[in-house]
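Scroll down for the structure; my scribbles are underneath it.
Sequence lines set the chain letters: A, B, ... in the order given, protein chains first and strands last, and positions in each chain run from 1.
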Protein chains: 2
Amino acid sequence: MGETMPDTGPMTVDAETRMQGGEDHRAELRLWLRLLTCTTLIESQIRSRLRARFDVTLPRFDLMAQLEKAPEGMTLGDLSRRMMVSAGNVTGLVERLVQDGLVDRRPAPGDRRSALVNLTDKGRKAFEEMAHDHGDWIGEMFDGLDEADIDTLMRLLGKAKTSARAAQARVLPTSTDKDDAHG
Amino acid sequence: MGETMPDTGPMTVDAETRMQGGEDHRAELRLWLRLLTCTTLIESQIRSRLRARFDVTLPRFDLMAQLEKAPEGMTLGDLSRRMMVSAGNVTGLVERLVQDGLVDRRPAPGDRRSALVNLTDKGRKAFEEMAHDHGDWIGEMFDGLDEADIDTLMRLLGKAKTSARAAQARVLPTSTDKDDAHG
DNA sequence: CTCAATTATTTTAAGCTTAAAATATCTCTC
DNA sequence: GAGAGATATTTTAAGCTTAAAATAATTGAG
(Lines give C-alpha, C1' and ligand atoms only; values in the text may rest on other atoms or scores of the structure.)
Protein backbone atom coordinates (compact mmCIF):
# COMPACT_ATOMS: atom_id res chain seq x y z
CA MET A 1 0.00 0.00 0.00
CA GLY A 2 1.58 3.21 -1.18
CA GLU A 3 5.06 1.81 -0.89
CA THR A 4 6.38 3.84 -3.79
CA MET A 5 4.82 7.10 -2.70
CA PRO A 6 7.38 9.64 -1.52
CA ASP A 7 7.03 11.53 1.71
CA THR A 8 5.18 14.69 0.83
CA GLY A 9 5.38 16.53 4.10
CA PRO A 10 3.27 16.59 7.22
CA MET A 11 0.55 14.39 5.79
CA THR A 12 2.57 11.25 5.09
CA VAL A 13 1.39 7.83 4.02
CA ASP A 14 1.81 6.66 7.56
CA ALA A 15 -0.43 9.40 8.85
CA GLU A 16 -3.10 8.66 6.29
CA THR A 17 -2.93 4.98 7.00
CA ARG A 18 -3.24 5.56 10.68
CA MET A 19 -6.36 7.59 10.06
CA GLN A 20 -8.18 4.66 8.53
CA GLY A 21 -8.60 2.86 11.81
CA GLY A 22 -8.28 5.59 14.37
CA GLU A 23 -8.22 9.34 14.17
CA ASP A 24 -5.46 11.83 13.89
CA HIS A 25 -5.49 14.47 16.57
CA ARG A 26 -2.60 16.63 15.44
CA ALA A 27 -4.52 19.90 15.38
CA GLU A 28 -6.14 19.23 18.73
CA LEU A 29 -2.80 18.38 20.28
CA ARG A 30 -1.23 21.59 19.01
CA LEU A 31 -4.19 23.51 20.38
CA TRP A 32 -3.80 21.84 23.74
CA LEU A 33 -0.11 22.70 23.90
CA ARG A 34 -0.79 26.31 23.03
CA LEU A 35 -3.57 26.56 25.58
CA LEU A 36 -1.22 25.15 28.20
CA THR A 37 1.59 27.50 27.22
CA CYS A 38 -0.67 30.53 27.51
CA THR A 39 -1.98 29.52 30.89
CA THR A 40 1.44 28.62 32.26
CA LEU A 41 2.92 31.86 31.00
CA ILE A 42 0.27 34.00 32.66
CA GLU A 43 0.08 31.92 35.80
CA SER A 44 3.84 32.08 36.40
CA GLN A 45 3.85 35.83 36.10
CA ILE A 46 0.91 36.27 38.44
CA ARG A 47 2.51 33.92 40.95
CA SER A 48 5.80 35.71 40.85
CA ARG A 49 4.29 39.20 41.06
CA LEU A 50 2.01 38.21 43.96
CA ARG A 51 5.01 36.88 45.82
CA ALA A 52 7.21 39.88 45.05
CA ARG A 53 4.67 42.59 45.89
CA PHE A 54 2.46 40.99 48.53
CA ASP A 55 4.38 37.97 49.78
CA VAL A 56 1.38 35.76 49.10
CA THR A 57 1.05 32.54 47.12
CA LEU A 58 -1.29 32.14 44.17
CA PRO A 59 -3.41 29.38 45.76
CA ARG A 60 -4.01 31.56 48.81
CA PHE A 61 -5.00 34.46 46.59
CA ASP A 62 -7.35 32.21 44.64
CA LEU A 63 -9.01 30.96 47.79
CA MET A 64 -9.51 34.50 49.08
CA ALA A 65 -10.94 35.50 45.70
CA GLN A 66 -13.61 32.81 46.07
CA LEU A 67 -14.49 33.99 49.56
CA GLU A 68 -14.72 37.60 48.51
CA LYS A 69 -17.63 36.70 46.24
CA ALA A 70 -19.43 34.86 49.04
CA PRO A 71 -20.43 37.23 51.84
CA GLU A 72 -22.17 34.39 53.68
CA GLY A 73 -18.99 32.31 53.64
CA MET A 74 -18.27 28.99 51.99
CA THR A 75 -17.77 25.48 53.26
CA LEU A 76 -14.54 23.65 52.53
CA GLY A 77 -16.46 21.51 50.05
CA ASP A 78 -17.74 24.60 48.23
CA LEU A 79 -14.18 25.88 48.00
CA SER A 80 -12.88 22.55 46.77
CA ARG A 81 -15.47 22.40 44.00
CA ARG A 82 -15.13 26.02 42.93
CA MET A 83 -11.35 25.95 42.92
CA MET A 84 -11.31 22.52 41.27
CA VAL A 85 -8.77 21.15 43.73
CA SER A 86 -8.92 18.24 46.15
CA ALA A 87 -10.59 18.48 49.53
CA GLY A 88 -7.37 17.78 51.37
CA ASN A 89 -5.71 20.63 49.56
CA VAL A 90 -8.34 23.07 50.81
CA THR A 91 -7.94 21.83 54.37
CA GLY A 92 -4.29 22.82 54.33
CA LEU A 93 -4.77 26.15 52.59
CA VAL A 94 -7.49 27.24 55.01
CA GLU A 95 -5.33 26.14 57.92
CA ARG A 96 -2.49 28.39 56.79
CA LEU A 97 -4.79 31.31 56.02
CA VAL A 98 -6.35 31.04 59.47
CA GLN A 99 -2.83 31.06 60.88
CA ASP A 100 -2.19 34.31 59.00
CA GLY A 101 -5.42 35.80 60.32
CA LEU A 102 -6.78 36.32 56.80
CA VAL A 103 -9.78 33.98 57.09
CA ASP A 104 -11.69 32.39 59.93
CA ARG A 105 -13.56 29.12 60.13
CA ARG A 106 -16.50 28.28 62.33
CA PRO A 107 -18.96 25.40 62.56
CA ALA A 108 -21.65 25.53 59.90
CA PRO A 109 -25.13 25.93 61.38
CA GLY A 110 -27.23 22.82 60.82
CA ASP A 111 -24.48 20.41 59.77
CA ARG A 112 -21.89 19.40 62.29
CA ARG A 113 -19.64 17.91 59.62
CA SER A 114 -19.15 21.23 57.86
CA ALA A 115 -17.29 24.41 58.57
CA LEU A 116 -17.96 27.84 57.12
CA VAL A 117 -14.93 29.83 56.02
CA ASN A 118 -15.01 33.62 55.78
CA LEU A 119 -12.60 36.43 55.08
CA THR A 120 -11.64 38.38 58.19
CA ASP A 121 -11.59 42.18 58.01
CA LYS A 122 -7.85 41.98 57.65
CA GLY A 123 -8.26 39.39 54.91
CA ARG A 124 -10.80 41.43 53.01
CA LYS A 125 -8.64 44.53 53.18
CA ALA A 126 -5.55 42.64 52.06
CA PHE A 127 -7.47 40.98 49.24
CA GLU A 128 -8.85 44.24 47.89
CA GLU A 129 -5.41 45.68 47.61
CA MET A 130 -4.05 42.61 45.89
CA ALA A 131 -7.06 42.28 43.59
CA HIS A 132 -6.55 45.81 42.33
CA ASP A 133 -3.00 45.13 41.17
CA HIS A 134 -3.96 41.66 39.97
CA GLY A 135 -6.58 43.18 37.69
CA ASP A 136 -4.02 45.57 36.24
CA TRP A 137 -1.60 42.71 35.59
CA ILE A 138 -4.22 40.67 33.78
CA GLY A 139 -5.20 43.73 31.78
CA GLU A 140 -1.58 44.25 30.82
CA MET A 141 -1.12 40.61 29.92
CA PHE A 142 -4.06 40.70 27.48
CA ASP A 143 -3.17 44.12 26.19
CA GLY A 144 -2.58 42.81 22.67
CA LEU A 145 -6.16 41.59 22.27
CA ASP A 146 -8.99 43.85 21.19
CA GLU A 147 -12.61 43.55 22.30
CA ALA A 148 -13.58 41.30 19.42
CA ASP A 149 -10.67 38.96 20.13
CA ILE A 150 -11.77 38.67 23.74
CA ASP A 151 -15.38 38.01 22.78
CA THR A 152 -14.36 35.32 20.34
CA LEU A 153 -12.02 33.69 22.82
CA MET A 154 -14.72 33.70 25.47
CA ARG A 155 -17.12 32.01 23.11
CA LEU A 156 -14.72 29.37 21.80
CA LEU A 157 -13.24 28.61 25.20
CA GLY A 158 -16.80 28.22 26.45
CA LYS A 159 -17.33 25.67 23.72
CA ALA A 160 -14.09 23.91 24.66
CA LYS A 161 -15.12 23.88 28.30
CA THR A 162 -18.43 22.26 27.45
CA SER A 163 -16.70 19.73 25.24
CA ALA A 164 -14.17 18.79 27.92
CA ARG A 165 -16.89 18.43 30.53
CA ALA A 166 -18.78 16.14 28.20
CA ALA A 167 -15.71 13.94 27.82
CA GLN A 168 -15.39 13.86 31.58
CA ALA A 169 -19.02 12.89 32.08
CA ARG A 170 -18.60 10.09 29.55
CA VAL A 171 -15.73 8.58 31.52
CA LEU A 172 -16.99 9.03 35.08
CA PRO A 173 -19.34 6.27 36.16
CA THR A 174 -21.50 9.24 37.17
CA SER A 175 -23.10 8.83 40.48
CA THR A 176 -25.50 6.53 42.03
CA ASP A 177 -27.10 4.52 39.27
CA LYS A 178 -26.56 0.86 39.88
CA ASP A 179 -28.68 -0.05 36.91
CA ASP A 180 -27.79 2.37 34.16
CA ALA A 181 -28.84 0.17 31.27
CA HIS A 182 -27.61 2.65 28.68
CA GLY A 183 -24.50 4.74 29.31
CA MET B 1 -18.55 65.51 43.24
CA GLY B 2 -21.48 63.26 42.44
CA GLU B 3 -22.49 62.98 46.07
CA THR B 4 -26.19 62.98 45.34
CA MET B 5 -26.07 60.37 42.60
CA PRO B 6 -27.76 57.09 43.58
CA ASP B 7 -26.21 53.69 43.02
CA THR B 8 -27.43 52.54 39.64
CA GLY B 9 -26.18 48.96 39.55
CA PRO B 10 -22.98 47.32 38.40
CA MET B 11 -21.59 50.51 36.92
CA THR B 12 -21.54 52.60 40.08
CA VAL B 13 -20.02 56.00 40.67
CA ASP B 14 -17.11 54.26 42.30
CA ALA B 15 -16.48 52.14 39.25
CA GLU B 16 -16.68 55.10 36.92
CA THR B 17 -14.44 57.14 39.14
CA ARG B 18 -11.91 54.37 39.28
CA MET B 19 -11.89 54.27 35.50
CA GLN B 20 -10.83 57.87 35.22
CA GLY B 21 -7.39 57.16 36.58
CA GLY B 22 -6.95 53.49 35.89
CA GLU B 23 -8.63 50.98 33.67
CA ASP B 24 -11.32 48.45 34.19
CA HIS B 25 -10.27 44.92 33.32
CA ARG B 26 -13.50 43.05 33.81
CA ALA B 27 -13.54 41.39 30.40
CA GLU B 28 -9.89 40.39 30.62
CA LEU B 29 -10.41 38.93 34.08
CA ARG B 30 -13.34 36.86 32.90
CA LEU B 31 -11.26 35.65 29.98
CA TRP B 32 -8.42 34.68 32.29
CA LEU B 33 -10.74 32.73 34.55
CA ARG B 34 -12.23 30.88 31.61
CA LEU B 35 -8.81 30.09 30.18
CA LEU B 36 -7.76 28.75 33.56
CA THR B 37 -10.92 26.68 33.92
CA CYS B 38 -10.43 25.08 30.51
CA THR B 39 -6.81 24.22 31.18
CA THR B 40 -7.48 22.89 34.66
CA LEU B 41 -10.39 20.80 33.42
CA ILE B 42 -8.35 19.17 30.69
CA GLU B 43 -5.20 18.84 32.76
CA SER B 44 -7.00 17.09 35.62
CA GLN B 45 -8.51 14.55 33.29
CA ILE B 46 -5.23 13.84 31.57
CA ARG B 47 -3.49 13.48 34.92
CA SER B 48 -6.10 11.12 36.26
CA ARG B 49 -6.25 8.98 33.11
CA LEU B 50 -2.46 8.74 32.90
CA ARG B 51 -2.37 7.56 36.47
CA ALA B 52 -5.24 5.12 36.08
CA ARG B 53 -4.09 3.50 32.84
CA PHE B 54 -0.31 3.82 32.96
CA ASP B 55 0.53 4.60 36.57
CA VAL B 56 2.53 7.63 35.48
CA THR B 57 2.36 11.27 36.57
CA LEU B 58 1.68 14.11 34.17
CA PRO B 59 5.04 15.87 34.74
CA ARG B 60 6.90 12.66 33.92
CA PHE B 61 4.83 12.22 30.78
CA ASP B 62 5.53 15.82 29.78
CA LEU B 63 9.24 15.37 30.27
CA MET B 64 9.26 12.20 28.18
CA ALA B 65 7.27 14.00 25.48
CA GLN B 66 10.02 16.61 25.23
CA LEU B 67 12.70 13.93 24.95
CA GLU B 68 10.82 12.03 22.29
CA LYS B 69 11.13 15.03 19.99
CA ALA B 70 14.89 15.27 20.61
CA PRO B 71 16.69 12.18 19.31
CA GLU B 72 20.03 13.72 20.29
CA GLY B 73 18.90 14.17 23.86
CA MET B 74 18.39 17.34 25.88
CA THR B 75 20.25 18.95 28.75
CA LEU B 76 18.46 19.65 31.99
CA GLY B 77 18.50 23.32 31.08
CA ASP B 78 16.82 22.62 27.74
CA LEU B 79 14.16 20.65 29.55
CA SER B 80 13.64 23.37 32.12
CA ARG B 81 13.14 26.03 29.43
CA ARG B 82 10.91 23.96 27.19
CA MET B 83 8.74 22.73 30.03
CA MET B 84 8.68 26.18 31.62
CA VAL B 85 9.49 24.85 35.08
CA SER B 86 12.37 25.54 37.44
CA ALA B 87 15.74 23.87 37.08
CA GLY B 88 15.47 22.20 40.46
CA ASN B 89 12.19 20.68 39.43
CA VAL B 90 13.79 19.03 36.42
CA THR B 91 16.62 17.65 38.53
CA GLY B 92 14.13 15.73 40.64
CA LEU B 93 11.97 14.53 37.76
CA VAL B 94 14.96 13.20 35.84
CA GLU B 95 16.23 11.51 38.99
CA ARG B 96 12.97 9.62 39.40
CA LEU B 97 12.72 8.73 35.72
CA VAL B 98 16.28 7.36 35.77
CA GLN B 99 15.24 5.33 38.80
CA ASP B 100 12.36 3.90 36.76
CA GLY B 101 14.70 3.08 33.88
CA LEU B 102 12.72 5.29 31.48
CA VAL B 103 15.49 7.81 30.74
CA ASP B 104 19.23 7.87 31.15
CA ARG B 105 21.58 10.75 31.79
CA ARG B 106 25.22 11.00 30.80
CA PRO B 107 27.81 13.77 30.75
CA ALA B 108 27.36 16.17 27.86
CA PRO B 109 30.34 16.10 25.52
CA GLY B 110 32.24 19.36 25.65
CA ASP B 111 30.70 20.84 28.80
CA ARG B 112 31.39 19.23 32.11
CA ARG B 113 28.64 21.21 33.81
CA SER B 114 25.91 19.69 31.66
CA ALA B 115 24.25 16.34 31.37
CA LEU B 116 22.39 14.96 28.37
CA VAL B 117 19.13 13.19 29.09
CA ASN B 118 17.70 10.60 26.68
CA LEU B 119 14.80 8.19 26.56
CA THR B 120 15.86 4.59 27.07
CA ASP B 121 14.39 1.93 24.78
CA LYS B 122 12.01 1.04 27.56
CA GLY B 123 11.15 4.71 27.97
CA ARG B 124 10.52 5.23 24.27
CA LYS B 125 8.32 2.18 24.08
CA ALA B 126 6.35 3.18 27.15
CA PHE B 127 5.96 6.72 25.86
CA GLU B 128 4.66 5.67 22.47
CA GLU B 129 1.94 3.62 24.06
CA MET B 130 0.95 6.44 26.38
CA ALA B 131 1.12 9.07 23.65
CA HIS B 132 -1.32 7.10 21.52
CA ASP B 133 -3.99 7.11 24.19
CA HIS B 134 -3.13 10.66 25.20
CA GLY B 135 -3.81 11.81 21.64
CA ASP B 136 -7.18 10.13 21.67
CA TRP B 137 -8.08 11.74 24.97
CA ILE B 138 -7.20 15.20 23.72
CA GLY B 139 -9.16 14.52 20.56
CA GLU B 140 -12.14 13.49 22.62
CA MET B 141 -11.82 16.51 24.85
CA PHE B 142 -11.96 18.91 21.88
CA ASP B 143 -14.60 16.91 20.10
CA GLY B 144 -17.11 19.76 20.24
CA LEU B 145 -14.89 22.12 18.22
CA ASP B 146 -14.80 22.10 14.43
CA GLU B 147 -11.77 22.88 12.29
CA ALA B 148 -12.58 26.57 12.04
CA ASP B 149 -12.94 26.83 15.82
CA ILE B 150 -9.54 25.25 16.28
CA ASP B 151 -7.91 27.54 13.74
CA THR B 152 -9.40 30.60 15.35
CA LEU B 153 -8.38 29.48 18.81
CA MET B 154 -4.84 28.80 17.63
CA ARG B 155 -4.62 32.26 16.15
CA LEU B 156 -6.07 34.14 19.09
CA LEU B 157 -4.17 32.14 21.69
CA GLY B 158 -1.04 32.88 19.69
CA LYS B 159 -1.88 36.54 20.01
CA ALA B 160 -2.48 36.15 23.74
CA LYS B 161 0.84 34.34 24.10
CA THR B 162 2.69 37.16 22.37
CA SER B 163 0.90 39.71 24.50
CA ALA B 164 1.73 37.92 27.74
CA ARG B 165 5.36 37.55 26.74
CA ALA B 166 5.51 41.26 26.02
CA ALA B 167 4.19 42.01 29.50
CA GLN B 168 6.82 39.69 30.92
CA ALA B 169 9.63 41.32 28.96
CA ARG B 170 8.48 44.73 30.20
CA VAL B 171 8.80 43.62 33.81
CA LEU B 172 11.99 41.57 33.62
CA PRO B 173 14.97 43.90 33.49
CA THR B 174 17.46 41.17 32.62
CA SER B 175 16.81 39.07 29.61
CA THR B 176 18.91 37.93 26.73
CA ASP B 177 15.71 37.67 24.75
CA LYS B 178 15.93 34.06 23.71
CA ASP B 179 12.36 33.13 24.37
CA ASP B 180 10.76 33.72 21.01
CA ALA B 181 12.26 30.56 19.66
CA HIS B 182 9.74 27.80 19.74
CA GLY B 183 10.69 24.71 17.82
C1' DC C 1 -36.11 3.38 64.54
C1' DT C 2 -31.96 1.19 62.35
C1' DC C 3 -28.46 0.40 59.38
C1' DA C 4 -26.38 1.02 54.96
C1' DA C 5 -25.03 4.42 51.87
C1' DT C 6 -23.72 9.08 51.18
C1' DT C 7 -21.45 13.32 52.20
C1' DA C 8 -17.94 16.52 54.61
C1' DT C 9 -13.66 16.78 56.20
C1' DT C 10 -9.03 15.27 57.80
C1' DT C 11 -5.04 12.54 57.61
C1' DT C 12 -1.23 10.33 55.34
C1' DA C 13 2.29 9.32 52.05
C1' DA C 14 4.33 10.43 47.98
C1' DG C 15 5.48 13.44 44.72
C1' DC C 16 5.56 18.17 42.53
C1' DT C 17 7.05 23.04 42.56
C1' DT C 18 9.30 27.17 43.51
C1' DA C 19 12.83 30.57 45.06
C1' DA C 20 17.11 31.17 46.71
C1' DA C 21 21.60 29.84 47.90
C1' DA C 22 25.48 26.92 46.85
C1' DT C 23 28.75 24.47 43.60
C1' DA C 24 31.08 23.78 39.63
C1' DT C 25 32.44 24.90 35.16
C1' DC C 26 32.97 27.91 31.35
C1' DT C 27 34.01 32.27 28.76
C1' DC C 28 35.75 36.48 27.92
C1' DT C 29 38.58 40.30 28.61
C1' DC C 30 42.73 42.33 29.74
C1' DG D 1 46.48 33.09 32.17
C1' DA D 2 43.87 35.27 35.97
C1' DG D 3 39.97 36.90 37.52
C1' DA D 4 35.15 38.53 36.82
C1' DG D 5 30.95 37.39 35.39
C1' DA D 6 27.92 34.11 33.12
C1' DT D 7 25.87 29.54 32.79
C1' DA D 8 24.44 24.59 34.31
C1' DT D 9 23.06 22.07 37.84
C1' DT D 10 22.09 20.69 42.69
C1' DT D 11 20.58 21.51 47.23
C1' DT D 12 17.45 23.25 50.66
C1' DA D 13 13.31 24.77 52.86
C1' DA D 14 8.72 25.68 52.47
C1' DG D 15 4.60 25.05 50.54
C1' DC D 16 1.32 22.93 47.10
C1' DT D 17 -1.17 18.87 45.30
C1' DT D 18 -3.13 14.52 44.76
C1' DA D 19 -5.11 9.90 45.78
C1' DA D 20 -6.55 7.01 49.08
C1' DA D 21 -7.79 5.71 53.57
C1' DA D 22 -9.86 7.15 57.85
C1' DT D 23 -13.25 9.63 60.74
C1' DA D 24 -17.52 11.62 61.60
C1' DA D 25 -22.16 13.17 60.74
C1' DT D 26 -26.28 12.99 57.79
C1' DT D 27 -29.81 10.85 54.97
C1' DG D 28 -32.91 7.51 53.38
C1' DA D 29 -35.05 3.01 52.79
C1' DG D 30 -37.46 -0.36 55.02
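Between B/L50 atom CG and D/dA19 atom C1' the separation is 15 Å, expressed in whole Å. Going from atom CZ of B/R47 over to atom P of C/dC16 covers 11 Å, rounded to whole Å. A/M83 has its CE atom 11 Å from the C1' atom of D/dC16, to the nearest Å. Look at CD on A/E43: it is 11 Å from P on C/dT17, rounded to the nearest Å. Per the geometry, CZ belonging to B/R51 stands 10 Å off P belonging to C/dG15, to the nearest Å. Following rounding to the nearest Å, B/E95 (CD) and D/dT9 (C1') show an atom-to-atom distance of 12 Å. Protein atom CG of A/D62 is 15 Å distant from nucleotide atom C1' of D/dG15, rounded to whole Å. Residue A/L63 contributes atom CG, which lies 10 Å from atom P of D/dC16 at whole-angstrom precision.
Using a cutoff of 4.0 Å between basic side-chain nitrogens and carboxylate oxygens, B/R49 and B/D133 are not scored as salt-bridged. A salt bridge is defined here as a Lys NZ or Arg NE, NH1 or NH2 lying under 4.0 Å from an Asp or Glu carboxylate O, and B/D100 with B/R60 meets this definition.
Checked by atom type and distance alone, the side chain of A/S44 pairs as donor or acceptor with a backbone atom of A/T40 at under 3.5 Å. In this structure a side-chain-to-backbone donor-acceptor pair under 3.5 Å is present from B/S163 to A/M141.
Between A/L33 and A/L29, the closest side-chain pair of non-hydrogen atoms is not below 4.5 Å. Using a 4.5 Å heavy-atom cutoff, the side chains of B/L119 and B/L102 are not in contact.
Regarding contacts with the backbone of C/dT18, every side-chain N or O of A/S48 stays at 4.0 angstrom or more from both OP1 and OP2. Phosphate proximity of C/dT18 to B/N89: present, with a side-chain N or O under 4.0 Å from OP1 or OP2. Taking 4.0 angstrom as the limit, A/R112 places a side-chain polar atom (N or O) nearer than this to OP1 or OP2 of D/dT26. Side-chain nitrogen and oxygen atoms of B/T91 include none within less than 4.0 Å of the OP1 or OP2 phosphate oxygen of D/dT9. For D/dT10, one of the phosphate oxygens OP1 or OP2 lies less than 4.0 angstrom from a side-chain nitrogen or oxygen of B/R105.
The side chain of A/S114 lies closest to C/dT9, out of D/dG15, C/dC16, C/dT9. With C/dT9, D/dA8, C/dC16 as the choices, the nucleotide that has an atom nearest any side-chain atom of A/A87 turns out to be C/dT9. Distances were taken from every side-chain heavy atom of B/V85 (C-beta onward) to each of C/dT18, C/dA19, D/dC16; the shortest belongs to C/dT18. Looking at the side chain of A/L76, the nearest of the listed nucleotides C/dC16, C/dT10, D/dT11 is C/dT10.
In the interface, the side chain of A/R113 is not paired with the base of D/dT26 through any donor and acceptor atom under 3.5 Å apart.
When heavy atoms are screened at a 4.0 angstrom cut-off, B/S80 is found touching no nucleic acid atom at all. Residue contacts for B/A108: at a heavy-atom cut-off of 4.0 Å it reaches no nucleic acid atom on any strand shown. Note on A/G88: a base of the nucleic acid sits closer than 4.0 angstrom, heavy atoms only. Within the 4.0 angstrom heavy-atom criterion, base atoms lie near A/S86.
Annotation: of the two residues near DNA chain C, B/D111 and A/T75, the 5′-most nearest-nucleotide partner is A/T75. The residue among B/M84 and A/V90 whose nearest nucleotide of DNA chain C is located toward the 5' end is A/V90.
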